[in-house]
Amino acid sequence: MAGNGNESTGGDFSFSAAAARDALPRITTEKGGKSPGPADVCQDDIAPRVNFQTIDELHSLQKKRSAPTTPLRDGSASGVSGTSGPTTPVSSETMLQSVSASLASLTRETGPKLIRGDPTSAAKVAHVPVTPTSLPAADVSDSGLKFTHILHNLSPAELYEQAIKFEKGSFVTSTGALATLSGAKTGRSPKDKRVVKDDTTEAELWWGKGSPNIEMDEKTFLVNRERAVDYLNSLDKVFVNDQYLNWDPENKIKVRIVSARAYHSLFMHNMCIRPTPEELENFGTPDFTIYNAGKFPCNRFTHYMTSSTSVDINLGRREMVILGTQYAGEMKKGLFGVMHYLMPKRKILSLHSGCNMGKDGDVALFFGLSGTGKTTLSTDHNRYLIGDDEHCWSEAGVSNIEGGCYAKCIDLARDKEPDIWNAIKFGTVLENVVFDEHTREVDYTDKSVTENTRAAYPIEYIPNSKIPCVGPHPKNVILLACDAFGVLPPISKLNLAQTMYHFISGYTALVAGTEEGVKEPRATFSACFGAAFIMLHPTKYAAMLAEKMQAQGATGWLVNTGWSGGSYGTGSRIKLAYTRKIIDAIHSGSLLNASYRKTDIFGLEIPNEVEGVPSEILEPINAVSQIDSRKHIYFLLMKLTPLFDIFGYVCLVQWPDKMAYEDTLLKLAGLFKSNFETFTSHKIGDDGKLTEEILAAGPNF
Ligand SMILES: Nc1ncnc2c1ncn2[C@@H]1O[C@H](COP(=O)(O)OP(=O)(O)O)[C@@H](O)[C@H]1O
Ligand SMILES: C=C(OP(=O)(O)O)C(=O)O
Ligand SMILES: [Ca+2]
Ligand SMILES: [Mn+2]
């Protein structure tokens, strides 16, 4: 240590002429004992030793040339303040022209004049325009004359700096994640989704009752697109991400995301597949483009608009426009909708499911609506994670659509979900969490901003992720339902017809938060466990699933990750540890050969035993007639005080009242029946027999 100034550090020290003059000892760090010449002393102020003349040059040395994945600087045209990048001039020019074309207004023939890089550091080149094509005189306008800076595929570190500098509410947490606020919207807005109905989509897509596709016409789409593009072009800078979807190399899709916030850019950097520098060089024209102008509202007087929020998909133009919501999940799930259209055209089934693989290559799918456990249960320390939310099932097997995971953080606990906990580090986007002002430690129990707190991280942040994220054909198809009524068994084995029945029904209790305005759990049905994202009629996906499961001999399972011992309010949520044991038994194959009994009404096969799970909870009603006197006291206490839960006896207690259980069971069965009425007139696949079997596989009463 030079600062110690003594021999034991190995550095000589001696008095030089200069030192004598200043009356301070000079320290050299040169080893070898030779007496220091004038050039060897006082290295900190010897001019020839430094490579800079000015403070700007010094700062320029701080940053090394970087790979083209972070092409913040464009050295080719200008030599911006000493930080020239190695990106080839050709691709840089092509990229700017391509982005300019993306951002072109339809009433003006070209896009904005673009400059690469941060306006705050690139002032020197603002007068070196990169003009895509010459503007016709009639198109000259103030907005056409200004420059827009493009921050193209910035690295996480660069995006952190952008967010922290320019986006209020951005902070680094104690574990290095970027805490952000998504603004007024903290969940998706499915009622504000619009899909352009043209001749093609009118015939192809699912419209009408139950469909998530609320129509808009082409003209209105263009009105909203113009609004979004004009807003983005009015900014000093926009972020552009060029990335991929789908790990299946034969079926990957190139997507471009244009957004106003570093938060959005980092979110998509994490969630989509990240191109290599070479892939980015040769990216070419995107297959689909998102214009995220979410900070800016739509015009409520526009036809088809019912609020200030609009999320618009135009499959013909291969574009999506976001106005009036900054919730980043809209982008992720919007692209998922697009995949639900594009993939079935190629005979590939798109799945709203998590997916993991055992050491022996056994693949499991986890279907379920938001909050049912796809992310939690597919992230399993004993298995390889293929993905947590969106997959494709092709002739070749399964592939993840995404490059990252999007985990719920509410009540996240290190001991219960260690892999997700550890993934929340540098690079991870943490949405709407609350943290200690000083230590920046996150309080995952705090719902002050929203219940729907989220972490978005690259999939490789999970230690046992399978990269590339592909796998063989699934062996087990697990349907997750979070049953707020507390009457579905925690685990049941399904035959193919039952699997189809429950897949088409897509039952769960929607847990608070993910969709706007939902404050407490309520029963909901969402076809294919993702009606908000499917584009075609549910029976099209169901037929494909049936065909694939049959061909591969996959087994279907229904797992209730919801309530037990009573409905929401009196019972409590099944312990995650028990659900994990149940899932373990599915994976290991031990449940396949277990002994089963059949339930009334729903006709579900429930195992008599699952290793590590108390048998009382396997069939709620059974326990009522089997309780011992001690449990009777618990029930009494539970009736007297719901707080009884906190004593932890809840895994022992069951439905306090047999009548209440049966009423609730019948009520739920009735809800299933009336929900399924919409589908009874539809044939599933070419097999008329299967259609009949599916109809018969629902509740009977
Ligand atoms: N028995 C259980 N099974 C699965 N998840 C549970 C269970 N009990 C509580 N949870 C919690 O429910 C949430 C499930 O959410 P998540 O896995 O993100 O669902 P999805 O990915 O399907 O939207 C997590 O916060 C998890 O900790
Ligand atoms: C992003 C979402 O996914 P999930 O809740 O299924 O994880 C969502 O539904 O908004
Ligand atoms: Ca989801
Ligand atoms: Mn999830």
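Counting starts at 1 for both ligands and their atoms, following the listed order.
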Handout entry: Any R580 heavy atom less than 4.0 Å from ligand 1
Key = no

Practice task
May I ask whether A407 places a heavy atom under 4.0 Å from ligand 1?
Solution key: no

Problem - Within-shell test, G368 vs ligand 1, heavy atom, strictly < 4.0 Å - result: no

Problem - Over-ring placement of K667 relative to F485, 6.0 Å and 45° cut-offs - result: no

Practice task
For N608 and S595, test the side chains for any donor-to-acceptor distance below 3.5 angstrom and give the result as yes or no.
Solution key: yes

Problem - Over 12 foreign heavy atoms within 6.0 Å of CD, E609 - result: no

Problem - Heavy-atom gap E417 to ligand 1 smaller than 4.0 Å - result: yes

Exercise for the section: Work out whether the distance between some heavy atom of L369 and some atom of ligand 1 is less than 4.0 Å. Expected result: yes

Exercise for the section: Quick one: look at T579 and ligand 1, take heavy-atom pairs under 4.0 Å, and tell me if it's side chain, backbone, both or neither. Expected result: side chain

Exercise for the section: Output yes if T375 passes the N/O/S-under-2.8 Å test against the Mn ion (ligand 4); output no otherwise. Expected result: yes

Exercise for the section: Ignoring angles and geometry beyond distance, decide whether G373 reaches within less than 3.5 Å of ligand 1 through its nitrogen or oxygen atoms. Expected result: yes

Practice task
With K374 as the cation and F367 as the aromatic partner, state whether NZ or CZ is under 6.0 Å from the six-membered ring centre and within 45° of the axis.
Solution key: no

Problem - K548 NZ: over 12 foreign heavy atoms closer than 6.0 Å - result: yes

Exercise for the section: Go through the steps for N213 and R194 under the test side chain to side chain contact (heavy atoms under 4.5 Å, CB included), then give the verdict. Expected result: CA-CA 6 Å; N213 304 317; R194 298 290 178 273; over 6 Å; no

Problem - Ligand-residue contact atoms, ligand 1 with T376, heavy atoms, under 4.0 Å - result: 14 (C), 15 (O), 16 (P), 17 (O), 24 (C), 26 (C)

Exercise for the section: Could you tell me whether some N/O pair between I574 and ligand 1 is separated by less than 3.5 angstrom? Expected result: yes

Problem - Atoms in ligand 1 with a heavy atom of K575 nearer than 4.0 Å - result: 1 (N)

Practice task
For R188 and K185, indicate whether the former's side chain and the latter's backbone hold a donor-acceptor pair under 3.5 Å.
Solution key: no

Practice task
Please work out which of K374, H352, R573 has its closest non-hydrogen atom nearest to atom 12 (O) of ligand 1.
Solution key: R573

Exercise for the section: Identify whether NZ of Lys or CZ of Arg in R454 sits under 6.0 Å from the centre of the six-membered ring of Y406 and within 45° of that ring's axis. Expected result: yes

